[in-house]
Amino acid sequence: MFSEDNMEITAAQTKSLWISSFVPYVHSIIFILLFRFLVMKYGRPVMRRDPVFRISAQRKHSGPNPEKPPENDDRDVQRERARAQSALASADREGNPVIIVHNLRKEYKCGEAGPCSCFKKHKKGKKVATRTVSLCVKKGEVLGLLGPNGAGKSTTVNMIIGETDLTAGEMLIKGVSAVETEEDTAEFLGHCPQENALWPNLTVKEHLEIYAAVKGIRKEAAAITINRMADNLDLQEHLKKPTKTLSAGLSRKLCFAMSLLGSPTVLLLDESTTGMDPRGKRQVWKTIRTILKDKDQGAILTTHHMEDAEAVCDRVAIMVAGQLRCLGSIQYLKSKFGKNYLLQIKVKGLEQGELLNTRILQMFPQAARQERISTLLVYKVPMEDALPLSKAFSMLEEAKRTFNFEEYSFSLNTLEQVFLELCRQQEWDNCDAALGTTFEWKQ
């Protein structure tokens with residue numbers, strides 16, 4: 001027979017056994033809930049920094065854009081929007097563009113995407129990064145996306161790649177909807193992000209081998225591809241170096257090379273030539289043009305450098321304050337917006353500049369001074385004021401002798417001038433939001 005003491009010990013042991021059996025399950029549930037909370041709150045930013053697993057598994061469903069496109073949009077932008085809408089409704093997936101974006105919109109809560117300047121602020125503490133963006137990239141085409149800092153270029157690319165959820169809009173990448181899962185995305189998509197996504201202690205060759213494995217390239221084929229790519233981009237002597245020892249230009253070359261592995265049919269290059277020397281840029285340009293010879297491929301290139309756009313882009317879209325302002329081939333945009341001559345004069349002193357300004361307005365009554373940077377005067381001269389050109393140059397030579405200024409240039413608008421002209425609107429929009437006043441911008 002058991003004594004009372006034995007019964008108490010047995011009861012205590014039984015209680016201890018039950019506790020030791022169930023506590024791990026309770027801990028497991030707590031840890032699962034905690035892990036789920038951490039993934040929901042911090043998972044996406046952490047995954048975005050990882051070089052391989054940057055692409056999220058799926059995207060949230062996005063509804064139609066509540067905002068109607070502006071009625072005063074550029075005609076070419078309106079045509080591109082209609083073209084995107086028609087392509088989305090078309091059943092011919094083979095003949096469609098490789099990238100279709102229609103009425104794309106992204107809203108951030110103030111502070112969600114970094115410090116909020118409260119310019120471009122929307123209702124209920126939100127700011128709009130992109131609005132009613134529509135574009136198509138045909139097979140065999142490189143579309144250049146230009147714009148100042150904060151215009152929404154990288155946000156647009158990140159929405160296409162899947163790193164940023166759409167607030168509203170529709171999108172097809174090679175016939176795959178944005179709301180569908182992206183299990184096969186790595187097979188046809190190449191992305192060179194704005195920030196270098198590299199492991200500091202791995203070598204250049206190890207990075208390329210890892211990406212080749214992720215793309216499903218066999219080891220023997222990967223070795224041949226890596227050697228050929230290293231030859232084309234002058235990376236052979238750097239293959240065994242860890243990436244933390246590379247210069248900014250070489251790091252960008254590596255990121256560009258990784259985005260090309262697997263011969264992707266869709267390329268998204270976000271400022272891929274930043275930090276490169278002129279030779280490196282030309283190597284990248286040549287590589288892009290070589291790859292795009294395959295008519296089944298298409299690419300979007302975001303850049304601040306007009307030379308990049310002129311070297312590789314078939315069409316250019318200029319984005320300002322989250323909206324597309326113009327779209328077309330480079331020569332078309334030059335002829336469309338280049339209805340004026342650009343006169344630049346370098347004077348010897350500030351006082352001489354004021355006297356010369358009066359003379360210039362006498363020579364070209366409709367000239368408009370664009371800016372004054374120290375001793376450099378810039379004017380926009382209507383073509384009717386400057387014709388015949390022989391008379392215009394004769395007057396400028398006479399003014400040069402009279403005022404003894406250093407030099408001058410008289411030329412048609414360049415792509416850079418078109419870009420700067422359109423970007424002025426963003427500066428005025430910011431002033432309008434900050435000062436509470438209204439500024440009118442005229443083309």
Value rounded to 0.5 Å, distance of CG in Leu343 from OG in Ser409: 7.0 Å
For Cys192 and Leu269 the tightest heavy-atom approach is CB-CD2, 3.8 Å
Hey, are the side chains of Ile210 and Leu202 touching, using non-hydrogen atoms and a 4.5 Å cut-off? yes
Using the rule given for side-chain contact (heavy atoms from CB on, under 4.5 Å), can you reason through Leu301 versus Val312, listing the C-alpha separation, both sets of side-chain angles and the distance that settles it, and then say yes or no? CA-CA 9 Å; Leu301 171 69; Val312 300; 3.5 Å; yes
A quick test of your reading: do over 12 heavy atoms of other residues, nucleotides or ligands sit less than 6.0 Å from CZ of Arg218? no
If you measure from CG on Leu260 to OH on Tyr211, what distance do you get to the nearest 0.5 Å? 12.0 Å
Val77: side-chain contact (heavy atoms from CB on, under 4.5 Å) partners, not counting sequence neighbours: Asp73, Asp74, Arg81, Leu324
Does any non-hydrogen side-chain atom of His191 lie less than 4.5 Å from one of Glu163? yes
From CG (Asn196) to OG1 (Thr243), nearest 0.5 Å: 9.0 Å
Do Thr203 and Leu239 make a side-chain contact, defined as non-hydrogen atoms from C-beta onward lying under 4.5 Å apart? no
Quick check: do Leu327 and Arg79 have side-chain heavy atoms less than 4.5 Å from each other? no
Let me confirm one number: the CZ-CG distance from Arg325 to Asp76, rounded to the nearest 0.5 Å. 14.0 Å
Check the pair Asn232, Thr290 against side-chain contact (heavy atoms from CB on, under 4.5 Å), reporting the backbone distance first and the verdict last. CA-CA 11 Å; Asn232 292 337; Thr290 301; over 6 Å; no
So, for Ser134 and Ala84, which heavy atoms are closest and what is the spacing to 0.1 Å? CB-CB, 4.4 Å
Taken to the nearest 0.5 Å, the spacing of Met306 CE from Ile330 CD1 works out to 9.5 Å
Can you check whether Ile300 reaches Ile160 side chain to side chain, under 4.5 Å on heavy atoms? yes
Is any side-chain heavy atom of Glu195 closer than 4.5 Å to a side-chain heavy atom of Cys255? no
Can you name the residues that form a salt bridge (charged side-chain N to carboxylate O under 4.0 Å, His left out) with Glu141, not counting sequence neighbours? Arg315
Do side-chain atoms of Thr130 reach the backbone of Gly152 as a donor and acceptor pair under 3.5 angstrom? no
Main-chain N/O of Pro148 paired to Lys153 side chain as donor or acceptor, under 3.5 Å: yes
Exercise: do Asp270 and Ser154 side chains pair donor with acceptor under 3.5 Å: yes
Check: Asp231/Gln236 side-chain N/O donor and acceptor closer than 3.5 Å: yes
Are the side chains of Thr245 and His238 in touch, meaning some heavy atoms are under 4.5 Å apart? no
For the residue pair Cys136 and Ile100, what are the closest heavy atoms and their distance? SG-CG2, 4.2 Å
Assess the residue pair Leu267 and Ile288 against the criterion (side-chain contact (heavy atoms from CB on, under 4.5 Å)); give the C-alpha distance rounded to whole Å, side-chain angles, the decisive distance to 0.1 Å, and a yes or no. CA-CA 9 Å; Leu267 270 176; Ile288 293 174; 5.6 Å; no
Judged by modelled atom types alone, do Thr273 and Asp308 share a side-chain donor-acceptor pair under 3.5 Å? yes
List in chain and number order the residues that pass ring-ring contact (aromatic ring centres under 6.0 Å, His included) with Phe410, two or more places apart in sequence or in another chain; answer none if no residue qualifies. Tyr341, Phe393
Could you report the tightest heavy-atom contact between Ala129 and Tyr108, atom names first, then the distance? CB-CE1, 3.8 Å
If I compare all heavy atoms of Val98 with all of Asp296, which pair ends up nearest, and what's the gap? CG1-O, 3.7 Å
Say you draw a straight line from CZ of Arg252 to CG of Leu233; how long is it, rounded to the nearest 0.5 Å? 13.0 Å
Got a sec, which pairs hit salt bridge (charged side-chain N to carboxylate O under 4.0 Å, His left out) with one end in residues 275-287, sequence neighbours left out? Asp234-Arg279, Lys281-Glu307
Taking the side chain from Thr287 and the backbone from Gln283, do they hold a donor-acceptor pair closer than 3.5 Å? yes
How about Lys334: does its NZ atom have over 12 heavy atoms from other parts shown lying under 6.0 Å from it? yes
side-chain contact (heavy atoms from CB on, under 4.5 Å) for Lys253 and Leu246? Distances and angles first, verdict last. CA-CA 10 Å; Lys253 274 188 184 181; Leu246 299 180; over 6 Å; no
Testing the basics here: between Ala386 and Val381, what is the closest heavy-atom pair and its distance to 0.1 Å? CB-CG1, 4.2 Å
Identify, with sequence neighbours excluded, every residue that meets salt bridge (charged side-chain N to carboxylate O under 4.0 Å, His left out) alongside Lys346. Glu406
Please, which pairs that meet side-chain hydrogen bond (donor to acceptor under 3.5 Å, both in side chains) have at least one residue in residues 387-400, sequence neighbours excluded? Glu397-Tyr408
Quick check: do Gln85 and Asn103 have side-chain heavy atoms less than 4.5 Å from each other? no
